[in-house]
There are 2 protein chains.
Amino acid sequence: MATKRAQMMEETRAKLIRAAREAFATKGYAAASMDDITADAGLTRGALYHNFGGKKGLLQAVVDQIDAEMVTRLIAAQERAPSPWEGLLTEGVTYIEMALEPEVQRIMLLDGPAVLGDPSQWPNQNACLLRTTQTIQALIDEGTVKPVDAEAAARLINGAALNAALWIAAADEPRVVLPKAVEAFRQLAAGLLQTER
Amino acid sequence: MATKRAQMMEETRAKLIRAAREAFATKGYAAASMDDITADAGLTRGALYHNFGGKKGLLQAVVDQIDAEMVTRLIAAQERAPSPWEGLLTEGVTYIEMALEPEVQRIMLLDGPAVLGDPSQWPNQNACLLRTTQTIQALIDEGTVKPVDAEAAARLINGAALNAALWIAAADEPRVVLPKAVEAFRQLAAGLLQTER
DNA sequence: GTTGTTCACATACGAGCCGTATGCGTATTG
DNA sequence: CAATACGCATACGGCTCGTATGTGAACAAC
């Protein structure tokens, strides 16, 4: 039986993460005070320090949660694609779309790296990136993609998609810019394809 | 004649920027206190607020200075290349190499975007991007590169290089990872070429 | 069932950092 | 030489964070 204390603790953790996610996304990490977050969750800083060890620990928990959600969406998008190669492209486009969401942009792309350090060193190894790496490795194995370093390629692809997203987000006419970015992304990615076709 | 007050002011601005650049690079923006920075420059926070309006203003000044230096180095690197296309690649590689420096990484790639917002809005960054865009446009006109949107391609290439740099900088063995990243970067960029080899 | 223990969380306190308001002294102006 | 402007220092209050300590409910032992 799950003891009553344990499930209470899960509950408070969830409430804190929910409140923090909201605050970090809207105000940014630095401007979000722990007092506000905990009060918003109906708790105090005592609970926060007990469960997450501090402000950074809370951010880490929020990042892990969002990261997991992103991976789920990436997998879903890839599985709908007609071929593995199209799956990779679809993954990239999906990544761009996710990066357009203010929450992802603020927490995962700006504050996260600044506070926690490089994403590839996050505890869960940045599942999002790991996923792309595996996809590329599979394409290399089947001969679709040139034999480059899979992680390097995944890194660059993600970086390209990320910058495309930031560009679109800051553009005056996102609707006009989006197709341009997607087209350029496809062209770039084609550089990985095995010669010919 | 440059009044004595004006040149004194330039002097204090330079001292503050120098101290801030040092502190931001080593401790990070959030952990660097204004009292420490100003004391290190032989001044007080009064001078800082008078000259830069606050902590963010000081960071902006530091960012602008480093940004200008980076653009200068990028231009120099591109001009040494044998062809426009190689110039584009060299520019990307140079960007990667610069991002290996802790100062650039910490201030320009992590804290800068988190505190000041989208880097592509920074004055010199725009100039750099514009130059890359023009280079690509020229390559398109001469038939070397596929007819994609030049600005989109420029942003994606920059983003790829940026992420490659972050990856290398955080790696256990940067010397081992660097060539992988450069190779993958060249492969990706080749996707823009008109003729496959 | 009662008694003792654990532990999740609250409360209290101190220190540091930031922004503004104000004061001071020197360069500048007429 | 008197008056003003201004670059910078000083003083103060508020906010935020981290730690140290308190407390009451859930669990365990008998």
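Keep in mind it's a predicted model, so treat the numbers as computed, not measured. In what follows, chains are A, B, ... by sequence order, proteins preceding strands, each numbered from 1.
One atom, NZ of A:Lys55, and another, P of D:dT16, lie 9 Å apart when rounded to the nearest Å. Whole-Å rounding puts the B:Tyr49 OH to C:dT20 P distance at 7 Å. Straight-line distance from the CG atom of B:Leu48 to the P atom of C:dT20: 13 Å, rounded to whole Å. As a whole-Å value, the separation of A:Glu10 CD from C:dC9 C1' is 16 Å. Across the protein-nucleic acid pair, B:Gln7 atom CD and C:dT26 atom C1' stand 15 Å apart, rounded to whole Å. Atom CE of B:Met8 is separated from atom P of D:dA9 by 10 Å (rounded to the nearest Å). Atom-to-atom, NZ of A:Lys56 to C1' of D:dT16 comes out at 17 Å; the value is rounded to the nearest Å. Straight-line distance from the CZ atom of A:Phe52 to the P atom of D:dC17: 16 Å, rounded to whole Å.
For A:Thr12 and C:dA8, the shortest distance from a side-chain N or O to OP1 or OP2 is not below 4.0 Å. Here A:Asn51 does not reach the OP1 or OP2 of C:dA8: none of its side-chain N or O atoms lies under 4.0 Å away. For the OP1/OP2 pair of C:dA8 and a distance below 4.0 Å, the side-chain nitrogens and oxygens of A:His50 include at least one atom meeting the criterion.
For B:Thr44, taking side-chain heavy atoms from C-beta onward, the closest of the listed nucleotides C:dT11, D:dA11, D:dA9 is D:dA9. Here C:dC18 is the nucleotide among C:dC18, D:dG7, D:dC17 with the atom lying nearest to any side-chain atom of B:Arg45. Comparing atom distances between the B:Met9 side chain and each of D:dG7, C:dC9, C:dC18 picks out D:dG7 as nearest. Distance from the side chain of B:Leu43 is smallest for D:dC8 among the nucleotides C:dC9, D:dC8, D:dT19.
Proximity of residues 31-39 of chain B to DNA chain D (heavy atom under 4.0 angstrom from any strand atom) is not detected for any residue.
Here the side chain of A:Trp122 pairs a donor or acceptor atom with the backbone of A:Gly117 at under 3.5 angstrom. In this structure, the side chain of A:Lys55 engages the main chain of A:Ala32 through a donor-acceptor pair within 3.5 Å.
Tested against A:Gln137 for a side chain to side chain donor-acceptor pair (under 3.5 Å), the candidates A:Thr133, A:Thr135, A:Asp141 yield a single pass: A:Asp141. Partner B:Arg73 forms a salt bridge (charged side-chain N to carboxylate O under 4.0 Å, His left out) with one of B:Glu79, B:Glu101, B:Glu97 and no other, that one being B:Glu101.
One finds a salt bridge joining A:Asp118 and A:Arg155 here, because a Lys/Arg side-chain nitrogen approaches an Asp/Glu carboxylate oxygen to under 4.0 Å. At a threshold of 4.0 Å, the pair B:Glu173-B:Lys180 does not count as salt-bridged, since none of the basic side-chain nitrogens sits closer than that to a carboxylate oxygen. Residues B:Asp40 and B:Arg18 are not paired through a salt bridge, judged by the lack of any N-O separation under 4.0 Å between the basic side chain and the carboxylate.
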